[in-house]
There are 2 protein chains.
Amino acid sequence: MAPAAAPTNDVHTDDLVVAFDAFVKAAKRSRARAEGADGGTLTSSQADLLAPLLECEPAGLGLRALARLAGIAAPTATRMVDGLQERGLVTRRRDPDDGRAVLIALTADGEDALRERRAQLLARRRAMFELLTPSERRAAARVLSRLTSAFEGS
Amino acid sequence: MAPAAAPTNDVHTDDLVVAFDAFVKAAKRSRARAEGADGGTLTSSQADLLAPLLECEPAGLGLRALARLAGIAAPTATRMVDGLQERGLVTRRRDPDDGRAVLIALTADGEDALRERRAQLLARRRAMFELLTPSERRAAARVLSRLTSAFEGS
DNA sequence: TATTGTTATACTCTATAACTATA
DNA sequence: TATAGTTATAGAGTATAACAATA
């Protein structure tokens, strides 16, 4: 008889939808500002592609593994590696154990670029989070964990 | 003698950095899943470009205004409008008051596509947020507002 | 036959510089 | 001369399909 689901919940859900939307927009603007400012040597896509290489030096990884970890198609990874290799940030060598495969590894310059990019990102986030009070930070960490679960379950 | 700034705060900040990072990754994966699934008629960039037109029908807006509101360069907007016009989603007409200007407006199809995209996004977010308890939703809305302020002040 | 990587091709999104038409 | 828009050109990031080499 009652007209379906609790309206109280919907109000809270929609408040959250609005807050989430504002948050996404602010995050986007902030990122745009930051990328315009520093103009680092690596784009986000390139950093995502190279990140797994930090954890498997110096052997390197196959191109297909790299593509899969970055969530892109193999030909895309080939092209990106071409560019990064020309710039001296990665090396390509044949896998001695499998003549089909290629092993991609970071050069010292590539590792520097990647670590520098990470440090900048971390510094920006820390600076931002320092604007919150300690108890707000604790609450934010809890809430973000819950939202992460919600994303994964949706 | 004590080695500088309060370590307690740093721990909380770094917990938040970790939680934030996981959240960003989950959001990215979720978006990728959703865009792969529905394969709607409008990309995010196109929706961002057209969004302001919903609020100024039926007159339309100049190309430069549209580009500025979407945060892109004018030639980029020209190209995007070319494609959307070919698909019958927008119209271009000369401004009767200024022979240099064009006025871009949504067609009925364009408006439908835009509203449908918005509805899908809203439905997805609502479904996700329904996974939280009401008190978690309230806490999340508060936290996201604070983070939005932090983004804007950084 | 299956797998690894590459090439060929194409589309979207983005930019800067140079141009046209109008004010 | 200044402004609105377009064209020309370039480059990153993405995909699928077709191919070569190797297992």
Side-chain angles (χ1 to χ4, degrees), chain A residues 28-29 31-37 39-51 59-87 89-105 113 117, chain B residues 28-29 31-37 39-51 59-87 89-105 113 117:
Chain A
K28 216 174 271 183
R29 277 194 297 270
R31 188 168 46 79
R33 242 180 294 141
E35 303 223 323
T41 52
L42 290 175
T43 64
S44 318
S45 297
Q46 288 165 344
D48 288 347
L49 184 71
L50 299 185
L61 281 174
L63 188 129
R64 233 166 175 86
L66 218 51
R68 184 174 39 75
L69 290 169
I72 61 178
T76 304
T78 292
R79 288 297 163 76
M80 290 176 75
V81 168
D82 287 349
L84 293 164
Q85 189 179 8
E86 267 172 29
R87 290 167 56 196
L89 300 176
V90 299
T91 57
R92 240 198 199 102
R93 67 191 170 84
R94 293 240 74 101
D95 184 338
D97 300 339
D98 183 342
R100 299 169 300 181
V102 142
L103 291 172
I104 290 126
R117 189 179 192 282
Chain B
K28 217 174 272 184
R29 277 193 298 269
R31 188 168 46 81
R33 243 180 294 141
E35 304 223 322
T41 52
L42 290 175
T43 64
S44 318
S45 295
Q46 288 165 345
D48 288 347
L49 184 69
L50 299 184
L61 281 174
L63 189 129
R64 233 167 176 85
L66 217 52
R68 185 174 38 76
L69 290 169
I72 61 178
T76 304
T78 291
R79 288 295 162 77
M80 290 176 75
V81 168
D82 287 348
L84 294 164
Q85 189 178 7
E86 267 172 30
R87 291 168 55 196
L89 300 176
V90 299
T91 57
R92 241 199 200 103
R93 65 190 170 86
R94 293 240 73 103
D95 185 338
D97 300 339
D98 184 342
R100 297 170 300 181
V102 293
L103 290 173
I104 290 128
R117 187 178 195 282

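Naming: A, B, ... by sequence-line order, numbering from 1 per chain. Predicted, not measured: the structure shown is a model, and the values here were computed from it.
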Next on the checklist: Does A:Arg94 reach a base, just sugar-phosphate, or nothing at all? Heavy atoms under 4.0 Å.
Outcome noted: nothing
Next on the checklist: Could you work out, with side chain to side chain contact (heavy atoms under 4.5 Å, CB included) as the rule, every residue matching A:Leu61, not counting sequence neighbours?
Outcome noted: A:Pro52, A:Leu53, A:Cys56, A:Leu66, A:Leu69
Checklist entry - To the nearest angstrom, how far is B:Glu86 atom CD from C:dC11 atom P? => result 11 Å
Checklist entry - Which part of the nucleic acid, if any, lies within contact of A:Ala73, taking any heavy atom under 4.0 Å across all strands shown: a base, the sugar-phosphate backbone alone, or nothing? => result base
Item to check | Nearest non-hydrogen partners of A:Gly60 and A:Ala105, listed with the distance | outcome: CA-CB, 4.0 Å
Checklist entry - Side-chain donor-acceptor pair under 3.5 Å between A:Ser44 and A:Arg117, yes or no? => result yes
Item to check | Distance in angstrom units between A:Arg31 CZ and C:dT14 C1', rounded | outcome: 13 Å
Item to check | Nucleotide of C:dT14, C:dC13, C:dG5 approaching B:Ile72 most closely (side-chain heavy atoms) | outcome: C:dT14
Checklist entry - Please, which pairs that meet salt bridge (Lys or Arg N to Asp or Glu O under 4.0 Å) have at least one residue in residues 61-80 of chain B, sequence neighbours excluded? => result none
Checklist entry - Start at the 5' end of DNA chain D and walk down; is the nucleotide closest to A:Asp98 or to A:Ser45 reached first? => result A:Ser45
Checklist entry - NZ/A:Lys28 to CG/B:Asp48 distance, rounded to the nearest 0.5 angstrom? => result 5.0 Å
Next on the checklist: Contact list please: residues 74-82 of chain A against DNA chain D, heavy atoms, distance less than 4.0 Å, in numerical order.
Outcome noted: A:Pro75, A:Thr76, A:Met80
Next on the checklist: Using a 4.0 Å heavy-atom cut-off, does A:Asp95 contact any base of the nucleic acid, only the sugar-phosphate backbone, or nothing at all?
Outcome noted: nothing
Next on the checklist: Reading DNA chain D from 5' to 3', where do the contacts with chain A start and stop? Cut-off is 4.0 Å to heavy atoms.
Outcome noted: D:dG13 to D:dA23
Checklist entry - Quick one: side chain to side chain contact (heavy atoms under 4.5 Å, CB included) partners of A:Ala32, sequence neighbours excluded? => result none
Checklist entry - Any side-chain heavy atom of B:Val102 within less than 4.5 Å of one from B:Arg94? => result yes
Checklist entry - Between atom CG in A:Asp97 and atom C1' in C:dG5, what is the gap in whole Å? => result 17 Å
Checklist outcome for this item: Rounded to whole Å, the CG-P distance (B:Leu42 to C:dC11) equals 18 Å
Next on the checklist: Looking at every heavy atom in both A:Arg92 and A:Leu63, which two are closest together, and how far apart are they?
Outcome noted: NH2-CD1, 4.5 Å
Checklist entry - Ignoring hydrogens and angles, does a donor from either the side chain of A:Arg100 or the base of C:dG5 sit under 3.5 Å from an acceptor on the other? => result no
Next on the checklist: Over all strands shown, is A:Gly83 touching base, sugar-phosphate only, or nothing at heavy-atom distances under 4.0 angstrom?
Outcome noted: nothing
Checklist entry - For B:Leu84, which residues count as a side chain to side chain contact (heavy atoms under 4.5 Å, CB included) partner, sequence neighbours excluded? => result B:Leu42, B:Gln46, B:Leu49, B:Leu50, B:Arg87, B:Leu89, B:Val90
Next on the checklist: In this structure, how many angstroms lie between the C1' atom of C:dG5 and the CZ atom of A:Arg93, rounded?
Outcome noted: 16 Å
